[in-house]
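In what follows, a structure is listed as structure tokens, so that the remarks can point back to it.
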Amino acid sequence: SADQTEAFEYTIVDSDGDSSSASLTVVVNNVPEIVVTNATVDEAALDAVGSDPSSDAETGTGTIVVTADSAVDTIEVGGVTVVAGGAFIGGSTTTALGTLSFTGYDGGTGTLSYSYTLENPATQSGPGAFDRFDVTATLADGDSVQSLLSIVVEDDVPTAMDDDGGMLFEDEAIVQSGNVLSNDIG
């Protein structure tokens, strides 16, 4: 948990135009928080379609840490309750891109561990995509705090390689053929 501070500046003006400024500072002690370590996975490691299928980079791991003065009662990630009554019950959730599995919970530190395995390529164009999961922790005192787990999916972009079409001479009647895609990746 952490302390949160909010400061408000205000000015009052009397009927003849004189003014005075002041500030009000409010400190809220022990605000619960969630710190998420996001995992990164790589489409290149996908067995069926990746450019580097021997890699294990399609799987990533991370943690979700809940800090609070009150004990953690429940943690829900992506609609799945993985901690209930302060005890780890585990579970997993599957999306169109992959599977998020919960691998352990340390109630003393509030640390929930997870593993994410990419199973399908993302369909967007551009440098990467995200598989996102809402995180909600409810404390024994009834307070709750929310965050977001974002799995970073690195896009497996194609790599075009230079080709050599051979030499043609101006006065020769030669038909040149070949495949400019055979040495490209992706």
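One-based numbering along the sequence shown. These numbers come from a predicted model, not from an experiment.
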Inset, instruction - Taking atom types as modelled, find out whether Ser150 and Asn38 have a side-chain donor-acceptor pair closer than 3.5 angstrom. - result: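 No, because no side-chain N or O of Ser150 sits under 3.5 Å from a partner of the opposite role on Asn38.
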Inset, instruction - Examine the side chains of Ser21 and Thr11 and answer whether a donor and an acceptor come within less than 3.5 Å of each other. - result: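 Per modelled atom types, Ser21 and Thr11 side chains form a pair under 3.5 Å.
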Inset, instruction - Under the side chain to side chain contact (heavy atoms under 4.5 Å, CB included) rule, what do Phe133 and Tyr114 come out as? Steps first, then yes or no, please. - result: CA-CA 12 Å; Phe133 303 88; Tyr114 70 86; over 6 Å; no
N/O donor-acceptor pairs under 3.5 Å from side chains in residues 82-101, not counting sequence neighbours:
{"unit_1": "Thr94", "atom_1": "OG1", "unit_2": "Thr99", "atom_2": "OG1", "d": "3.1"}
{"unit_1": "Thr95", "atom_1": "OG1", "unit_2": "Leu97", "atom_2": "N", "d": "3.2"}
{"unit_1": "Thr95", "atom_1": "OG1", "unit_2": "Gly98", "atom_2": "N", "d": "3.2"}
{"unit_1": "Thr95", "atom_1": "OG1", "unit_2": "Gly98", "atom_2": "O", "d": "3.3"}
{"unit_1": "Thr95", "atom_1": "OG1", "unit_2": "Asp131", "atom_2": "OD1", "d": "3.4"}
{"unit_1": "Thr95", "atom_1": "OG1", "unit_2": "Asp131", "atom_2": "OD2", "d": "2.5"}
{"unit_1": "Thr99", "atom_1": "OG1", "unit_2": "Glu119", "atom_2": "OE1", "d": "3.3"}
{"unit_1": "Thr99", "atom_1": "OG1", "unit_2": "Glu119", "atom_2": "OE2", "d": "2.8"}

Measure the spacing between [atom1] of [X] and [atom2] of [Y] and express it to the nearest 0.5 Å.
X	Y	atom1	atom2	result
Ile75	Ser144	CD1	OG	12.5 Å
Leu112	Thr37	CG	OG1	11.0 Å
Ser23	Phe8	OG	CZ	11.0 Å

Same hydrophobic cluster for [X] and [Y], using side-chain heavy-atom links shorter than 4.5 Å among ILVMFWY?
X	Y	answer
Val145	Val36	yes
Val80	Val72	yes
Leu148	Tyr116	no

Please tabulate, for side-chain N and O atoms in residues 135-142, each donor-acceptor pair with protein atoms closer than 3.5 Å (sequence neighbours left out).
{"unit_1": "Asp141", "atom_1": "OD1", "unit_2": "Asp143", "atom_2": "N", "d": "3.0"}

How far apart are the closest heavy atoms of [X] and [Y], and which atoms are they?
X	Y	result
Gln146	Ile34	C-CD1, 4.1 Å
Leu46	Leu118	CD2-O, 3.3 Å
Ala68	Pro32	CB-CB, 3.7 Å
Ala45	Glu58	CB-OE1, 3.1 Å
Glu76	Thr81	OE1-OG1, 3.7 Å
Tyr10	Leu24	CE2-N, 4.2 Å

Not counting sequence neighbours, which residues clear side-chain hydrogen bond (donor to acceptor under 3.5 Å, both in side chains) with [X]? List them please.
X	result
Ser54	Asp52
Ser15	none
Ser147	none

Legend entry - Under the side chain to side chain contact (heavy atoms under 4.5 Å, CB included) test, residues paired with Asp47 that sit two or more places apart: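 Side chain to side chain contact (heavy atoms under 4.5 Å, CB included) check on Asp47 returns Pro53.
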Legend entry - Verdict with reasoning, Phe130 to Ile151, per side chain to side chain contact (heavy atoms under 4.5 Å, CB included): CA-CA 5 Å; Phe130 298 93; Ile151 305 298; over 6 Å; no
Inset, instruction - Examine distances only and state if a side-chain atom of Asp156 and a backbone atom of Gly50 form a donor-acceptor pair shorter than 3.5 Å. - result: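 Such a contact is absent between Asp156 side chain and Gly50 backbone.
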Inset, instruction - Say whether, by atom type as modelled, one donor and one acceptor occur between the side chain of Glu43 and the main chain of Ala122 under 3.5 angstrom. - result: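 It does hold such a pair.
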